[in-house]
Visitor: 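Starting off with a structure, shown below.
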Amino acid sequence: MATPQFLSSFKYSDSLTVVAISFCTAVVCEAISWLLIYRTNSYKSLKSSIDKAAKKLETMKTDQNPNKLSNKKSKTKKIDRVETSLKESSRDLSLFKFKSGAVVALVLIVVFGFLNSLFEGKVVAKLPFKPIGIVMKMSHRGLQGEDSTDCSMVFLYFLCSISIRTNLQKFLGFSPPRGAAGAGLFPMPDPKTN
């Protein structure tokens with residue numbers, strides 16, 4: 001029995017079950033992140049320092065006074081210092097989030113294994129389009145037959161997890177600070193150093 005009794009006669013029961021489990025998993029993962037990260041003082045101080053540095057950098061870059069050409073070199077040095085500080089704080093924030101990432105990954109692996117055993121070889125949805133190459137390999141993974149519009153649990157769960165968790169983070173206010181966007185453990189190299 002893959003779905004609860006009251007849903008078994010419903011046409012979209014398997015799809016709704018996967019979506020509901022994905023939503024519950026996102027809530028559990030965000031609760032774990034809140035416990036391990038978002039409620040701590042060190043996270044709050046890192047986030048505020050990133051926000052302050054991002055605002056300062058933005059005002060420094062937009063404040064261009066043509067009368068002060070002699071101070072251009074010192075202004076460039078100040079901007080570089082603030083950018084370096086912002087990158088370091090963003091890296092520290094990424095390292096700080098890394099510890100809960102392991103716990104969240106474990107939860108996601110357990111839920112994925114559970115769903116895989118429930119819906120193995122079962123079509124859970126129909127796609128309204130014929131997917132191309134690599135998308136078809138993901139959407140038709142583990143399914144028998146040649147109908148490329150059949151959708152497996154893996155693809156539906158993947159799409160739901162990405163969209164639900166991202167929107168839930170925004171709704172709860174847990175999205176990364178705007179100055180930390182694009183930064184991480186392995187940031188892009190600085191073109192100025194080349």
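A quick note: this is a predicted structure, and the numbers were derived from the prediction, not measured.
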Visitor: How far does CZ of Arg165 sit from OG of Ser22, to the nearest 0.5 angstrom?
Guide: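 Reported value, rounded in 0.5 Å steps: 10.5 Å.
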
Visitor: Side chains of Phe129 and Thr149, heavy atoms from C-beta outward: is any pair under 4.5 Å?
Guide: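 Contact flag for Phe129/Thr149 side chains = no.
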
Visitor: Drop me the distance from Asp92's CG to Ser49's OG, to the nearest 0.5 angstrom.
Guide: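 Answer for the CG-OG pair, Asp92 versus Ser49, is 8.0 Å.
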
Visitor: Are Phe114 and Leu106 grouped together when hydrophobic residues (ILVMFWY) are joined by side-chain heavy atoms under 4.5 angstrom apart?
Guide: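 Unlinked, Phe114 and Leu106 end up in two clusters.
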
Visitor: Report whether Ile162 and Val111 are members of the same hydrophobic cluster (ILVMFWY, side-chain heavy atoms less than 4.5 Å apart, transitive linking).
Guide: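 Different clusters: Ile162 never reaches Val111 through Ile, Leu, Val, Met, Phe, Trp or Tyr contacts under 4.5 Å.
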
Visitor: Under a single-linkage definition using a 4.5 Å side-chain heavy-atom cutoff for Ile, Leu, Val, Met, Phe, Trp and Tyr, are Met138 and Val154 assigned to the same hydrophobic cluster?
Guide: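 No, Met138 does not connect to Val154 through the hydrophobic network.
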
Visitor: Please determine whether residues Phe158 and Ile109 belong to a single hydrophobic cluster, defined as Ile, Leu, Val, Met, Phe, Trp and Tyr linked transitively by side-chain heavy-atom distances below 4.5 Å.
Guide: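 In one cluster with Phe158: Ile109, no.
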
Visitor: Can you tell me how far apart CG (Leu156) and CG (Leu127) are? Round to the nearest 0.5 Å.
Guide: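 That separation rounds to 9.0 Å.
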
Visitor: Is there a path from Val110 to Val27 through hydrophobic residues (I, L, V, M, F, W, Y) whose side chains come within less than 4.5 Å of each other?
Guide: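 No; Val27 is not reachable from Val110 via cluster members.
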
Visitor: With rounding to the nearest 0.5 Å, note down the distance linking OG1 in Thr25 to OH in Tyr157.
Guide: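 Going from OG1 on Thr25 over to OH on Tyr157, the span is 4.0 Å.
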
Visitor: Taking Ser42's backbone N and O only, do any of them form a donor-acceptor pair with Ser45's side chain (distance below 3.5 Å, no angle check)?
Guide: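 Flag set: sc Ser45 to bb Ser42 pair under 3.5 Å.
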
Visitor: Taking Lys56's backbone N and O only, do any of them form a donor-acceptor pair with Thr59's side chain (distance below 3.5 Å, no angle check)?
Guide: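 Side chain of Thr59 to backbone of Lys56, a donor-acceptor pair under 3.5 Å: yes, one is there.
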
Visitor: Locate the shortest heavy-atom distance separating Leu172 from Glu30; write the atom from each residue and the value.
Guide: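 Smallest interatomic distance, heavy atoms only, reads CD1-CB, 4.3 Å.
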
Visitor: Please determine which of Thr17, Leu118, Asp14, Leu16 meets the side chain to side chain contact (heavy atoms under 4.5 Å, CB included) test together with Val124.
Guide: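 Considering Thr17, Leu118, Asp14, Leu16, a side chain to side chain contact (heavy atoms under 4.5 Å, CB included) with Val124 is found only for Asp14.
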
Visitor: Running the 4.5 Å side-chain criterion over Ile, Leu, Val, Met, Phe, Trp and Tyr, what cluster does Val123 land in, apart from itself?
Guide: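 The other cluster members (ILVMFWY side chains, heavy atoms under 4.5 Å, direct or chained) are Leu143.
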
Visitor: Nearest 0.5 Å please: distance from the CD atom of Glu83 over to the OG atom of Ser90.
Guide: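 Atom-to-atom, Glu83:CD and Ser90:OG are 11.5 Å apart.
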
Visitor: Under the side-chain hydrogen bond (donor to acceptor under 3.5 Å, both in side chains) rule, collect the residues that match up with Asn167, sequence neighbours excluded.
Guide: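 With neighbours one apart ignored, the set is empty.
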
Visitor: Please round to the nearest 0.5 Å and tell me the distance separating atom OG of Ser117 and atom CE of Met153.
Guide: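 Reported value, rounded in 0.5 Å steps: 8.5 Å.
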
Visitor: How about Lys126: does its NZ atom have over 12 heavy atoms from other parts shown lying under 6.0 Å from it?
Guide: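 More than 12 within 6.0 Å, yes.
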
Visitor: What closest approach, in Å, do Cys29 and Val104 show between heavy atoms, and which atom pair accounts for it?
Guide: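 Looks like SG-CG1, 3.6 Å.
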
Visitor: Should we say atom OH of Tyr38 is surrounded by more than 12 heavy atoms from elsewhere, each under 6.0 Å from it?
Guide: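 Yes, because the 6.0 Å sphere around OH of Tyr38 holds more than 12 heavy atoms from other groups.
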
Visitor: Without swapping roles, check the side chain of Ser89 against the backbone of Leu86 for a donor-acceptor pair under 3.5 Å.
Guide: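 Pair absent, no side-chain N/O of Ser89 close to backbone of Leu86.
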
Visitor: With no hydrogens and no angle check, is any side-chain donor or acceptor of His140 less than 3.5 Å from a backbone partner on Asp147?
Guide: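 Yes: the side chain of His140 pairs with the backbone of Asp147.
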
Visitor: Taking CZ in Phe112 as the centre, count heavy atoms belonging to other residues, nucleotides or ligands within less than 6.0 Å. Is the count above 12?
Guide: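 Correct, the count exceeds 12.
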
Visitor: Could you report the tightest heavy-atom contact between Ser152 and Arg141, atom names first, then the distance?
Guide: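 So the minimum-distance heavy-atom pair works out to CB-O, 3.3 Å.
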
